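What you see is a predicted model, and the numbers here were worked out from it, not measured in a lab. Here is the naming used below: chain letters follow the sequence lines, and residue numbers restart at 1 for every chain. What's counted below: heavy atoms across the whole structure, side chains too, no hydrogens, waters or symmetry copies.
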Protein chains: 2
Amino acid sequence: MGISDRKEREKEELRDRILIAAKSLFLERGVEKTSIRNIADRIEYSPGIIYHYFKDKNEIFHALHQGGFIQLMEKMQVLNSVRNPMERLKAMGSIYVRFAMENPDMYDLMFIKEAPIDHVFNSKDDQWKEGGGTFNFLRKTIEDCIAAGYFKGHDSEALSYMIWSTVHGMVSLSIRRRCEVVLPDRQDSIVVDGLEEFYKILDRL
Amino acid sequence: MGISDRKEREKEELRDRILIAAKSLFLERGVEKTSIRNIADRIEYSPGIIYHYFKDKNEIFHALHQGGFIQLMEKMQVLNSVRNPMERLKAMGSIYVRFAMENPDMYDLMFIKEAPIDHVFNSKDDQWKEGGGTFNFLRKTIEDCIAAGYFKGHDSEALSYMIWSTVHGMVSLSIRRRCEVVLPDRQDSIVVDGLEEFYKILDRL
DNA sequence: TTGGAATATTAAACACTGTTTAATTATTTT
DNA sequence: AAAATAATTAAACAGTGTTTAATATTCCAA
């Protein structure tokens, strides 16, 4: 058993090396410009070997984007210390936006790209589906807000989707360079400024 | 002069045929799966000819996505008859969302894809930059709302960005299939439901 | 009408891409 | 040591966007 365990580990090792190479290349130049041959070059194997560890290129980037969700979820942990649900909601927005702006390529992979989402539907253990996903965390917070008297007459699920969309919209328009065109002077601050406007609205409720 | 004009028109004609072929292929199968050779096949010319009319593939899709803005702007025209600025703002959101859901590929090209936006910065006459763009229309409406007593203490520019982001976020999460994973039961209605939640908030201000 | 210049068009190649195949090398088991 | 299994590779396939040089076509002046 011990021996076959070691074999298992050694096999996993190459899988990890592929993933590490893929990740560094992806962070250097993005998904599209990272080719199977690039990855193979970096780990000094032939391109074919990659298909013994991953079904296709999508599966590699699906595996990578899983790490992003864990990262994001970790940053959300500090929210457990925020008692007031409305304060928690706002802090959540700030953490979400900061994560996106500090890791734009990872955010892109997680929430914008077409690529890895196809794989999500076929794969069993996936960060999207898993119980404590980020969206459910948001929904729970919204429900706490409603219980505390905020958002009277709202549908918590649809409201969660709307609020998620607000922060996602702001960061994704920025990442995909649509605010550079529309607000060239404020491109650096507009996402944070927009978030501020959202908080002003929440404060008035 | 008349003769060289006709020549001009005939030259434009092939350019248009390329564009028409590209558009139909793009609506059938998306940008990525539409190749230069596909387009050339459809117009029964060799692939090389396309580069006499367009710098590269991006320029073709940039030209195409221009049409989308004109389409969207046309739909916005009915808003001129809505006197109340807050009602106009809400109607605007509905038109925007309907446009996105009815033309998801075009919307994707206009507001999500990386491809054509690079070209926007280099090109002189572009729907993004042009005076009466959709964003300025939104900003104008927001300013009218402020003048009418709504949104006290808000920065109209940042608020416009935030409101744009809310509708963009909802439709882009839907188009890029992120709500299928998170809310599989409501995927057909969630965008409209989310918009409803947004209107509820606006009504409370 | 003819010859030369300008233009339009193409065939072929370049350097890539993701993926699959069969062949080869290495390792494990009998 | 031989056979079976697994790991790894080389080579090919079918495609991509783009560029090059060659060819066909059109135009205009002599």
Where the side chain of A:Arg37 is defined as all heavy atoms beyond and including C-beta, which of C:dT17, D:dT18, C:dT9 is the nearest nucleotide? C:dT17

Which nucleotide, C:dT17, D:dT16, C:dT20, lies nearest any side-chain atom of B:Asn38? D:dT16

Rounded off to whole Å, could you give me the NZ-to-P distance for the B:Lys55 and D:dT18 pair? 8 Å

B:Tyr53 OH - C:dT7 P separation (whole Å): 13 Å

By nearest atom, which of the nucleotides C:dT19, D:dT16, D:dT9 is closest to the A:Asp56 side chain? C:dT19

What is the distance from NZ of A:Lys33 to P of C:dT17, rounded to the nearest Å? 12 Å

Rounded to whole angstrom units, what separation is found between the CD atom of B:Glu13 and the P atom of C:dA8? 14 Å

salt_bridge(A:Asp16, A:Lys23) N-O dist < 4.0 Å: no

Specify the separation, in whole Å, of atom CD1 of A:Ile39 and atom P of C:dT17. 11 Å

State whether the side chain of A:Asn80 and the backbone N or O of A:Gln77 hold a donor-acceptor pair below 3.5 Å, judged by distance alone. yes

Please confirm whether the backbone N or O of B:Ile112 pairs with a side-chain atom of A:Arg176, one donor and one acceptor, at under 3.5 Å? yes

So, do B:Met110 and B:Gln127 sit near enough that their side-chain heavy atoms are less than 4.5 Å apart? no

For C:dT9, take OP1 and OP2 only and decide whether either is under 4.0 Å from a side-chain N or O of B:Ser46. no

Between atom CD1 in A:Ile60 and atom P in C:dT19, what is the gap in whole Å? 8 Å

Kindly point out which of D:dT9, C:dT10, C:dG18 is positioned nearest to the side chain of A:Tyr45? D:dT9

Please check if the side chain of A:Tyr107 supplies one atom and the backbone of A:Phe99 the other of a donor-acceptor pair under 3.5 Å. no

Among C:dT19, D:dT18, C:dT10, the one nearest any side-chain atom of A:Tyr51 is C:dT19

What is the distance, to the nearest angstrom, from the CD1 atom on B:Ile49 to the P atom on C:dT9? 4 Å

For the pair made of CD1 in A:Ile18 and C1' in C:dT19, what is the distance, rounded to whole Å? 15 Å

